[in-house]
There are 2 protein chains.
Amino acid sequence: MNEQEASKLAKVVAAECLGYRVRLLNRVITNIYDRALQPIGLKANQANILTMLSYAGQASAADISRVLVMEKSTVSRTVDRMKKNSWITVEGHGDGPSQTITVTAQGRELMAAAHALWKKAQQQTTELLGEEGVNAILKLHETVSASKSKR
Amino acid sequence: MNEQEASKLAKVVAAECLGYRVRLLNRVITNIYDRALQPIGLKANQANILTMLSYAGQASAADISRVLVMEKSTVSRTVDRMKKNSWITVEGHGDGPSQTITVTAQGRELMAAAHALWKKAQQQTTELLGEEGVNAILKLHETVSASKSKR
DNA sequence: GTAAGCTGGTTGTATATACAACATTGGAGT
DNA sequence: ACTCCAATGTTGTATATACAACCAGCTTAC
């Protein structure tokens with residue numbers, strides 16, 4: 001398959017499916033953040049959780065799930081990984097509900113280191129998308145989160 | 001944590017990170033397609049590959065990887081799953097390069113069934129995002145795929 | 001003509017994601 | 001006070017994703 005054919009096919013699939021475009025966009029952008037944070041062993045998603053926790057002071061897994069609109073099982077496992085890295089502590093009855101999750105001193109140090117790296121990724125993304133693209137993302141996010149809150 | 005606090009936190013994280021917004025957007029939109037296709041056991045991503053293959057007639061794994069801009073290991077495993085479902089056939093030297101992947105009769109039937117379901121998801125997405133949102137996605141996709149082709 | 005390198009594919013490992021099934025725990029209602 | 005239900009969390013299973021290491025075959029350079 002030559003490049004022309006490939007390009008044509010890509011256009012066909014892309015023209016058809018919004019889902020495809022969103023997934024590709026996600027792969028590209030998330031990759032920028034993940035690569036940037038890779039030197040300190042942090043993933044973009046975990047960085048978001050750390051950020052939320054540091055603003056909140058403390059939160060339960062359910063809080064994280066609600067605030068960041070993530071599936072509770074995803075939160076459960078991610079929290080577990082972060083706990084193993086000693087970035088956070090989880091207090092409360094091992095099994096029972098109502099945990100209290102807080103960022104550890106180590107976690108705060110990590111965040112400090114993450115900030116510079118994250119900023120670079122954010123800038124790279126902004127350059128890639130352009131001002132217009134960034135605004136589009138902001139708007140799309142508003143639309144989606146508005147629809148989510150209705151449920 | 002009450003709803004006001006949660007909402008405020010969400011805004012903070014979202015305001016900070018474009019990556020977060022894109023991931024959320026991806027989760028919401030991909031979920032629409034996955035749920036729509038769920039009755040026939042097809043995932044959005046696999047549907048895209050099937051579509052590409054049916055337009056192409058045949059393609060190698062490397063072609064899929066290039067056209068849809070997916071990691072080759074992702075393609076390898078997804079192709080494997082689709083093959084197990086008899087939606088596609090893979091011909092060529094078991095190990096060696098240059099496979100020839102084609103859609104089977106079963107695969108074509110599946111696509112026919114998928115089309116109606118996919119269309120519903122597409123419409124649902126369009127309603128969710130609005131005309132403006134859809135245009136934003138189109139534009140973002142162009143920007144991203146243009147940057148990709150430069151590499 | 002041979003060695004080095006490129007291309008194509010697979011596999012190991014890790015994370016994010018979704019859905020379903022399950023356990024636990026508190027509280028609400030009677 | 002007791003029962004039932006809603007909210008919380010965990011775990012099983014499956015897919016998508018990324019990166020790295022690896023293998024096989026073909027091409028290119030010398």
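Just so we're on the same page: letters track the sequence lines, and every chain starts at 1.
When atom types are taken as modelled, the side chain of B/E71 and the backbone of B/S73 share a donor-acceptor pair closer than 3.5 angstrom. Between the side chain of B/D34 and the main chain of B/K43, no donor-acceptor pair closer than 3.5 Å is present. Looking at A/S65, its side chain does come within 3.5 Å of a backbone N or O of A/M70 through a donor-acceptor pair.
The phosphate of D/dT8 (OP1 or OP2) has a side-chain N or O of A/R66 nearer than 4.0 angstrom.
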Check your understanding: Which letters describe nucleotides 12-22 of chain D, given B = protein heavy atom under 4.0 Å from base, S = only from sugar-phosphate, - = neither?
Key -> BB-SSBBB---

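A salt bridge links A/R66 with A/D63: the distance from a Lys NZ or Arg NE/NH1/NH2 to an Asp or Glu carboxylate oxygen falls below 4.0 Å.
Residue B/V103 is tested with B/T51, B/I49, B/L50, B/L110 for a side-chain contact (heavy atoms from CB on, under 4.5 Å); the sole match is B/L50.
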Check your understanding: Can you check side chain to side chain contact (heavy atoms under 4.5 Å, CB included) on B/K72 and B/S76, steps first, answer last?
Key -> CA-CA 6 Å; B/K72 61 182 180 171; B/S76 179; over 6 Å; no

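Looking at residues 112-125 of chain A, you'll see that no heavy atom sits under 4.0 Å from any atom of DNA chain C.
Between the side chains of B/T104 and B/T89, no donor N or O sits under 3.5 Å from an acceptor N or O. B/Y33 and B/Q124 form no side-chain donor-acceptor contact under 3.5 Å, judged by distance and modelled atom types alone.
Rounded to a whole Å, the CD atom of B/Q58 is 16 Å from the C1' atom of C/dG8. For A/K83 and D/dG9, the NZ to P distance is 12 Å, given to the nearest whole Å.
Residue A/S65 is classed as having no contact, given no heavy-atom separation below 4.0 Å to the nucleic acid.
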